[in-house]
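Before any comments, here is the structure.
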Protein chains: 2
Amino acid sequence: MSASTKLSTSVKALCFLALDDKPKNSTEIAASVGINASKLRKLLSMLGKSGIVKSDSGMLGGFSLAKKPEEIHLQEIYCAIEDRKAFYLNVNDDNLEENGRSEKINHFFLDLFSEIQVEIENKMTDITLKSIIDRIK
Amino acid sequence: MSASTKLSTSVKALCFLALDDKPKNSTEIAASVGINASKLRKLLSMLGKSGIVKSDSGMLGGFSLAKKPEEIHLQEIYCAIEDRKAFYLNVNDDNLEENGRSEKINHFFLDLFSEIQVEIENKMTDITLKSIIDRIK
DNA sequence: ATAAATTGTTACAGTAAGTGTAACATATAT
DNA sequence: ATATATGTTACACTTACTGTAACAATTTAT
């Protein structure tokens, strides 16, 4: 599952949880979102570790939002489900040139990509779950 | 090879070509860049189709820049080597929900990702090969 | 206590994608 | 003709991804 698909799938699940306060089990959420329940549990487990959802075992268990939709930002959702930094881009650094020109070009791109990353994260920080819910009503 | 690696590898090759006007063969360039010659030819072939490099067969053949470094933009390099649009991000759209909430969320993300893409392309349009060469001197 | 339901994690087979290299047709200069 | 170069294809090999099942741990109902 690509990073962007993980992100949109997570948001779909969170929107479903935001519909009411009763905990929903993974089967129910997975059916609504259109994904396998086991895969979904993996995603929600990561969101749980970041304090975005809470989960309970047992017959009355399931997942529910741990915070209000206006307190959940897109950026924290992304960081919760993706271990490497948002939209990280890699650069091949295993070449053997002696004069260091390749290394300088690598640095140039690492800087460029990191600039881009900061801009994307800033953009995502401004978007809350609530703003998405309002927008798709 | 990831999109970002292709981009930096291409720029390394183009910087090497910018050193002087004599055509360089793929073996020579590949050695400098640290990549297999056949792979490099694939990359340069794409750059050739976009009019960024020119190539000649035969004993005096090889690759050389088709334009001056100040006329080559990072964005056109990227578009030459990547068929899909720059930094395209995908969204899972095969779910079966009846009310269309998922579709609206998909659209939300497609819009967001396309905004991001435009910003990245704008950033890359402002960077020329010459500006990179000057920066790594 | 026992059974039922649920999360969280692991395992695994099956599939898809990426990688590196070689090979060869085509083209050009000597 | 021969040598050298590009452009493309093919292929074996490896790596990564995918979907699903299975199971331990936990919690509630009976």
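Within every chain, numbering begins at 1; the chains are lettered A, B, ... in the order of the sequence lines, protein sequences first and strands thereafter.
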- Can you list the steps and then say if A:I52 with A:E76 is a side chain to side chain contact (heavy atoms under 4.5 Å, CB included)? CA-CA 8 Å; A:I52 297 170; A:E76 72 181 303; 4.0 Å; yes

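- Between B:E28 and B:K22, none of the side-chain N atoms (NZ, or NE/NH1/NH2) sits under 4.0 Å from a carboxylate O, so this pair counts as no salt bridge.
- Using a 4.0 Å cut-off between charged side-chain N and carboxylate O, A:K130 and A:E71 make no salt bridge.
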- Task: Begin from the C-alpha positions of A:L40 and A:F63 and carry the test side chain to side chain contact (heavy atoms under 4.5 Å, CB included) through to its verdict.
- Result: CA-CA 11 Å; A:L40 179 82; A:F63 297 92; 5.7 Å; no

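- At a threshold of 4.0 Å, the pair B:K137-B:D134 counts as salt-bridged, since one of the basic side-chain nitrogens sits closer than that to a carboxylate oxygen.
- Residues A:E103 and B:K12 are not paired through a salt bridge, judged by the lack of any N-O separation under 4.0 Å between the basic side chain and the carboxylate.
- Going from atom NZ of A:K54 over to atom P of C:dG8 covers 12 Å, rounded to whole Å.
- Following rounding to the nearest Å, A:I35 (CD1) and D:dC17 (P) show an atom-to-atom distance of 16 Å.
- In this structure, A:L17 atom CG and C:dT7 atom P are separated by 11 Å, rounded to whole Å.
- Using a 4.0 Å heavy-atom criterion, one finds that A:S26 contacts the sugar-phosphate atoms exclusively.
- Applying a 4.0 Å cut-off to non-hydrogen atoms, the residues of residues 55-65 of chain B that approach DNA chain C are B:S57, B:G58, B:M59, B:L60, listed by residue number.
- Judged by a 6.0 Å distance limit and a 45° cone about the ring axis, B:K24 is positioned over the six-membered ring of B:F16.
- Across residues 36-48 of chain A, A:S38, A:R41, A:K42, A:S45 each have a non-hydrogen atom less than 4.0 Å from an atom of DNA chain C (numbered order).
- Atom P of nucleotide D:dA3 and atom CG of B:N25 are separated by 17 Å, given to the nearest angstrom.
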